[in-house]
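Encoded as structure tokens, the structure appears first; notes follow it.
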Amino acid sequence: MKSATPPAPKPPAPPFPLPQPRHAARLPAGLKPEDWQRIRQAAHALPQVLAPADLDEDGDEALERLGAIQIGKAAAGGRPSRWILPQHIAVALAQLDATPLSNTLRPQLQQRMQQLESLGLQREGLLFTRLCMQPLELAHEGWRIELAHRVPVDEAPLWAFVRDGDLAALRRALGPMPPYSHPAELTLHLNHLVARSEAMGHPSLLPSLLPRLQAECSVPMPFTELKAALTRAQDRWENAVNEQDRLASLGRELAFRGYPDSFDVARQLGRRVTLFLGPPNSGKTHAAFEKLAQVQNGAYLAPLRLLALEGRDRLAGRGVPCSLLTGEERVPAENARVVSSTIEMANTREPVDVAVIDEAQMLFDDSRGWAWTQAICGVPARELIIIASAYAAPAIERLLALCGERAERRLFERKQQVQLMPAPVPMTHLQPGDAVVAFSRRDVLMLRDQIAQDGHRVSVIYGALPPEVRRREAERFAVGASDVLVATDAIGMGLNLPIRRVLFSTLEKFDGVGDRKLSVSEVHQIAGRAGRYGLHDEGFVSVLKESEASAMKILRELLPKEPRAPRDFKAPVAPNWGHVSTIAERMGVKKLYAVLSIFMQQLRLDDAHFAVAELEQMLELAEMLDRHAAGLSLQERFRYAQAPVDSRLPQLLEQFQGWAERHARTGQAGAPEFVDDVDQHARLDRMEQALRMCTLWLWLDLRFPGVYGHVDEVLDLRGRLNDGIERQLKGKRPLWQRRGR
């Protein structure tokens, strides 16, 4: 009997496990397998490790061409592939020898990389550059320009600093800032521009040229581009002096190079501007309202209708008559001294003594940032107060410099800091004064039902709730009628609530495209609502124990970081009727969709400073209006295209289209049939849908007098629906239903 053939021995495991075995040839000679394993284990923390996003080119392919070695492949959930250059393996091992892998390694290395950035050192792909400043003395009356430029630096002392944290040694290695490569030529060009401006004979206006030139020189750019940008800045100044009555000319309107100067009333006032800077709960808004309460003619510009309502009542409570102006209502007050309005309703024609722009870091918002650009450039206030988080200050100051203005900074500090709790909090251990944060209506209502089962009285705040109900829910929590608040990130936008602990139910949110982690600024804005001064001695932040496993780790990483403005930020600008009418006239175009497409696709922007705002929603409505309401004038269709109608809600869009069609055909929108379709006893989601229709109808009625009407009926329904929603939220019946998502 033959003996069984023994199984073939398994091949030995490769000494260097690599996702791409061919990369083994790229490993340095003499590298030990155990050292490669150390690098693999610490790849998530090592600053020498690269990801595809670190290069502007085509990601993995670019790293492959550079001869990099892949450490790990991309993983589901968004983790990118990780790579390292062969010459950086020794540097990475030296890093691990100096700072061994531990729970504190990644925060420590991130802190040191942030220190490099604070010194003006920035990694751009594979190259480190240093931000250098050089003063240029001009011939005119001691004028001085601070010129920013970037120069490449040797990476060796930077890696040494990341290893040992020796800041003094890094400064010695860097040495003095190297000089700019073309100082004489640039100074000559600046002197030429100033001399050209002097020759125009407007000495009182000449000082406003300096901040415009400084704004260009504060953005590092190649010499030829900088010369061209400075020439454009001087051109803009000349146009502002010579063409005050011709600011709507085609070239300037379409190129935005004169955008700040198109607000002629604001430019003529010589505004005094102050930035109120600080974190949430630092007293910025309180100080601004103290100023507003003393003036005879003022304006408050809020990011939300709810905050405009709160601002109106805040002033009225102090005996200051205040009118309310939002997209859907005008509520005048007798002998009003202040107008409290939403930012989109900013008046750029009527001068006021003092105007306050709130939450100005919203300038960075993709969909609404244009309203802050418009307000910062165009509000005609003799004194302008801009409230913002500190990280937004440079972008705001650059925008003001383009207006020929300088701002004074006033810094505010919290009376107490928000403390990170050591561990997640189980839902069964919630306490009075807790706010649980979620990022969708569905999750808010589910959490509300679960928390109420444990005997808590719960208030809820989310975007689909009307401002009146959000306000009542906030008041219930403020006076102790409920002890736990469940809310979306709406609480991060100025609402004053007695929150002791902010607990995140998740550190991810859906942004309209996909799920993403919260940004540093979002975490700070929301967490900053904990520990309201005068109500709680201290504030705390953590996550629910029932959140995703990585939530606490992400919070620990994000909370110590300082929020930063988007890199290479350009202020967003949206079209106004002047742009639309000019394009239509010059290009012979009658369809609104075509006009807006030209605006977006063919506009030549001053791309160092401005960009077209996101207009996808407006384009979608324009295409529908061109097809179904072509009988309306172009201006009427443009007004309709700005309406607050979410094109992702089919029923709302269908109603909107029907009203516009009837308006075009008969001159009347007809009756608001939705008034009879729902009442205060309907399901929660149906009432919310009907309230959106009320809001849209009232918005359109303000813009098309005599076309919509039936305002009393709509307001009556809105009031009854508000009461019905509030009653359901205060009740004990579970509210989350699959059909109501």
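- Using cut-offs of 30° and 60° for the angle between ring planes, the Y708 and H663 rings count as perpendicular.
- Counting only distance, with no hydrogens or angles, the side chain of Q668 and the backbone of G706 share a donor-acceptor pair below 3.5 Å.
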side-chain contact (heavy atoms from CB on, under 4.5 Å) between I526 and F504, worked out: CA-CA 9 Å; I526 297 168; F504 289 88; 3.8 Å; yes

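- The only option from V444, V486, D489, D443 that meets the side-chain contact (heavy atoms from CB on, under 4.5 Å) definition with Y462 turns out to be V444.
- A cation-pi contact, defined as under 6.0 Å to the ring centre and within 45° of the axis, is absent between R564 and Y391.
- Residues L632 and Y640 approach most closely at CD1-CE1, 3.5 Å, considering heavy atoms.
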Derivation of the salt bridge (Lys or Arg N to Asp or Glu O under 4.0 Å) call for R727 and D723: CA-CA 6 Å; R727 185 169 58 252; D723 293 340; over 6 Å; no

Please assess K291 against D353 for the test salt bridge (Lys or Arg N to Asp or Glu O under 4.0 Å), listing each intermediate value before the final yes or no. CA-CA 11 Å; K291 186 76 176 179; D353 294 330; over 6 Å; no

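- T342 pairs in a side-chain contact (heavy atoms from CB on, under 4.5 Å) with only one of the listed residues (L301, L325, T326), which is T326.
- No donor-acceptor distance shorter than 3.5 angstrom exists from the side chain of R398 to the backbone of A215, with no hydrogens or angles considered.
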I'd like to know whether E328 forms a salt bridge (Lys or Arg N to Asp or Glu O under 4.0 Å) with R718, so could you lay out the CA-CA distance, the side-chain angles of the two residues, the decisive distance to 0.1 Å, and finally the verdict. CA-CA 12 Å; E328 62 195 78; R718 187 176 74 172; 2.9 Å; yes

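- When each of R212, R267, R272 is checked for a salt bridge (charged side-chain N to carboxylate O under 4.0 Å, His left out) with E405, only R267 meets the rule.
- For the pair R305 and E468, the salt-bridge criterion is met [side-chain N within less than 4.0 Å of a carboxylate O].
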Before you tell me yes or no, could you show the steps for E408 and L275 under side-chain contact (heavy atoms from CB on, under 4.5 Å), namely the whole-Å CA-CA distance, both residues' side-chain angles and the distance that decides it to 0.1 Å? CA-CA 6 Å; E408 177 186 339; L275 304 186; over 6 Å; no

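- Between the side chain of R662 and the backbone N or O of A669, at least one donor-acceptor pair lies under 3.5 Å.
- For the atom pair CD (Q635) and CG (L592), the distance works out to 11.5 Å, reported to the nearest 0.5 Å.
- Atom CZ in R476 sits 7.5 Å away from atom CG in L729 (nearest 0.5 Å).
- Listed for the D483 side chain is a donor-acceptor partner under 3.5 Å among the backbone atoms of R457.
- A 6.0 Å sphere centred on CD of E673 holds no more than 12 heavy atoms belonging to other residues, nucleotides or ligands.
- Among all heavy-atom pairs drawn from A401 and P211, the shortest one is CB-O, 3.5 Å.
- If you take CD on E726 and CD on Q680, they are separated by 13.0 Å, rounding to the nearest 0.5 Å.
- Geometric assessment of R703 against the ring of W699 yields a positive cation-pi assignment under the 6.0 Å and 45° thresholds.
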Salt bridge (Lys or Arg N to Asp or Glu O under 4.0 Å) assessment of R406 paired with E397: CA-CA 7 Å; R406 294 176 182 267; E397 289 170 334; over 6 Å; no

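- Judged purely by atom type and a 3.5 angstrom limit, Q642 uses its side chain to pair as donor or acceptor with the backbone of F638.
- Counting only distance, with no hydrogens or angles, the side chain of W697 and the backbone of G709 share a donor-acceptor pair below 3.5 Å.
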side-chain contact (heavy atoms from CB on, under 4.5 Å) between D701 and H710, intermediate numbers included: CA-CA 9 Å; D701 178 72; H710 303 277; over 6 Å; no

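- Side-chain contact between R349 and F263 is absent, with no heavy atoms from C-beta onward closer than 4.5 Å.
- Between A288 and V356, the closest heavy-atom pair is CB-CG1, 3.9 Å.
- A salt bridge does not link E413 with K284: every distance from a Lys NZ or Arg NE/NH1/NH2 to an Asp or Glu carboxylate oxygen is 4.0 Å or more.
- F276 and F412 have tilted rings, their planes meeting at an angle from 30° to 60° on a 0 to 90° scale.
- Note that the CD1 atom of I396 and the CD1 atom of I357 stand 8.5 Å from one another [nearest 0.5 Å].
- Between the S340 side chain and the A308 main chain, a donor and an acceptor come within less than 3.5 Å of each other.
- Side-chain N or O atoms of S519 include one that pairs as donor or acceptor with a backbone N or O of E522 at under 3.5 Å.
- Taking CZ from F289 and CD from E310, the interatomic distance works out to 7.5 Å, rounded to the nearest 0.5 Å.
- Not a single donor-acceptor pair under 3.5 Å links the side chain of E290 to the backbone N or O of H286.
- R501 contributes no side-chain N or O that, together with a main-chain N or O of V436, makes up a donor-acceptor pair within less than 3.5 Å.
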Before giving the answer on side-chain contact (heavy atoms from CB on, under 4.5 Å), spell out for L485 and V458 the whole-Å C-alpha distance, their side-chain angles and the decisive distance to 0.1 Å. CA-CA 6 Å; L485 174 68; V458 184; over 6 Å; no

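- Taking the centre and axis of the six-membered ring of F540, the NZ or CZ atom of R500 falls outside the cone set by 45° and 6.0 Å.
- Using a 4.0 Å cut-off between charged side-chain N and carboxylate O, K730 and E473 make no salt bridge.
- To the nearest 0.5 Å, atom OG1 of residue T285 and atom CD1 of residue I385 are 10.5 Å apart.
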